[in-house]
There are 2 protein chains.
Amino acid sequence: MSTIVVNPHITDAEWEVMRVVWANIRVTSKEVISTLEEKMDWKQATTKTLLGRLVEKGALNTEQEGRKYIYSANIEEKEAVISFTNDIFDRICRKNVGNVIESIIKDHTLSFDDIQRLEEILEMKKAFAVEEVDCQCAEGQCDCHLHHHGE
Amino acid sequence: MSTIVVNPHITDAEWEVMRVVWANIRVTSKEVISTLEEKMDWKQATTKTLLGRLVEKGALNTEQEGRKYIYSANIEEKEAVISFTNDIFDRICRKNVGNVIESIIKDHTLSFDDIQRLEEILEMKKAFAVEEVDCQCAEGQCDCHLHHHGE
DNA sequence: CATTTACGTTTACGCATGTAAACAATAAGG
DNA sequence: CCTTATTGTTTACATGCGTAAACGTAAATG
């Protein structure tokens with residue numbers, strides 16, 4: 001048994017549970033339940049269901065402790081976030097990735113440190129920058145193709 | 001009737017349809033169908049269903065032309081992408097927004113222009129940067145709170 | 001004009017998801 | 001030891017979503 005799920009899909013509701021586990025490293029269902037009872041106004045049963053589903057899909061580990069479990073995350077938050085962000089970039093033309101990043105930066109508050117760090121990354125990225133990012137879109141799903149006139 | 005849906009939720013499958021409409025500005029179902037028959041290997045019926053649902057939820061406009069429709073987008077791609085990206089940032093601690101942007105930048109190919117543009121934006125952001133972004137997470141869902149010890 | 005074709009509308013159906021009650025088993029308390 | 005509280009497991013159920021067939025009607029074609 002135990003198919004190792006590399007990258008289980010975490011739904012919105014499940015994510016709320018994951019956040020509690022990520023924040024606490026090791027938690028009991030009780031803690032998760034009370035946190036979400038408060039934040040989400042969920043009944044205990046709801047949180048229990050979500051914990052169960054997350055264990056089932058391999059996102060959480062359990063460690064028996066008496067008759068209860070200690071839950072811990074089996075996937076890292078960073079990993080989960082990245083897989084989430086990748087979904088966005090799969091929805092758009094690669095040529096627009098820069099624009100999207102731009103609008104994200106515009107829309108969020110950053111610290112001086114953040115800005116400096118991003119500047120450094122950009123500086124490094126110059127070594128790998130291209131003249132023009134190429135469109136990977138399917139024909140008909142992006143107007144980049146309109147530039148290829150003639151055949 | 002006609003509740004104006006400001007920001008309808010667009011699912012993965014629907015997004016494929018939207019991309020075709022966005023790329024072509026005005027399209028017939030025939031064009032959408034043939035594009036997605038090719039890219040997604042969808043039966044005509046599938047695309048028809050999605051077109052119907054998108055019209056229903058206000059994401060697409062229709063304009064009668066004889067006995068057929070010309071479909072056009074009722075929401076902008078940029079708008080849709082932004083609402084999608086916001087979902088991510090609602091899932092994480094605001095303190096980590098910078099890190100996520102960092103990893104997005106690292107993971108994608110950018111053009112020299114992109115980089116320059118981003119550098120300019122960052123430069124401007126400095127005027128509004130903060131010493132430390134503050135955590136908006138609910139108690140128990142983020143370890144930032146651990147720093148507030150004492151009360 | 002009868003038949004085929006094209007295109008929008010209805011209906012379908014299984015699985016995922018959000019939300020939760022009911023149940024079972026065990027520990028804790030009186 | 002019996003009752004109650006705790007905690008995990010089962011079952012439930014409406015809605016959303018992916019995927020598509022069937023149907024109705026109008027247009028095109030022979």
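What you see below is based on every heavy atom in this structure, not just the backbone, and it leaves out hydrogens, waters and symmetry mates. So you know, we letter chains A, B, ... as the sequences are listed, proteins then strands, and number each from 1.
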Legend entry - Under 4.0 Å protein heavy-atom contact, by nucleotide of nucleotides 2-14 of chain C - B base, S sugar-phosphate only: -----BBB--B--
Inset, instruction - Can you sort out the partners of B:Met124 under side-chain contact (heavy atoms from CB on, under 4.5 Å), two or more places apart, ordered by chain and number? - result: B:Ile121
Legend entry - Spacing of A:Trp15 atom CH2 relative to C:dT17 atom P, expressed in whole Å: 14 Å
Inset, instruction - Return the set of residues passing side-chain contact (heavy atoms from CB on, under 4.5 Å) with A:Asn86 (not counting sequence neighbours), or none when no residue passes. - result: A:Ile82, B:His108
Legend entry - Distance-only donor-acceptor check, side chains A:Thr28 and A:Glu31, under 3.5 Å: yes
Legend entry - Side-chain ion pair, B:Lys39 and A:Glu139, N-O less than 4.0 Å: no
Inset, instruction - Hey, which sits more toward the 5' end of DNA chain C by its nearest nucleotide, A:Thr46 or A:Gly66? - result: A:Thr46
Legend entry - Salt-bridge present (B:Arg91, A:Glu16; N to O < 4.0 Å): no
Legend entry - Atom-pair distance (CH2 on A:Trp42; P on C:dA21), nearest Å: 14 Å
Legend entry - A:Leu60 and its side-chain contact (heavy atoms from CB on, under 4.5 Å) partner, picked from A:Leu51, A:Leu50, A:Val32: A:Leu51
Legend entry - Residues clustering with A:Val133 (ILVMFWY side chains joined when closer than 4.5 Å, directly or via others): A:Val130
Legend entry - Length of the CD-P vector between A:Glu14 and C:dA16, whole Å: 11 Å
Inset, instruction - Only counting residues at least two apart or in another chain, list the ones meeting side-chain contact (heavy atoms from CB on, under 4.5 Å) with A:Thr35. - result: A:Val20, B:Gln141
Inset, instruction - Give me the first and last nucleotide of DNA chain D, going 5' to 3', that has any atom under 4.0 Å from a heavy atom of chain A. - result: D:dT7 to D:dA12
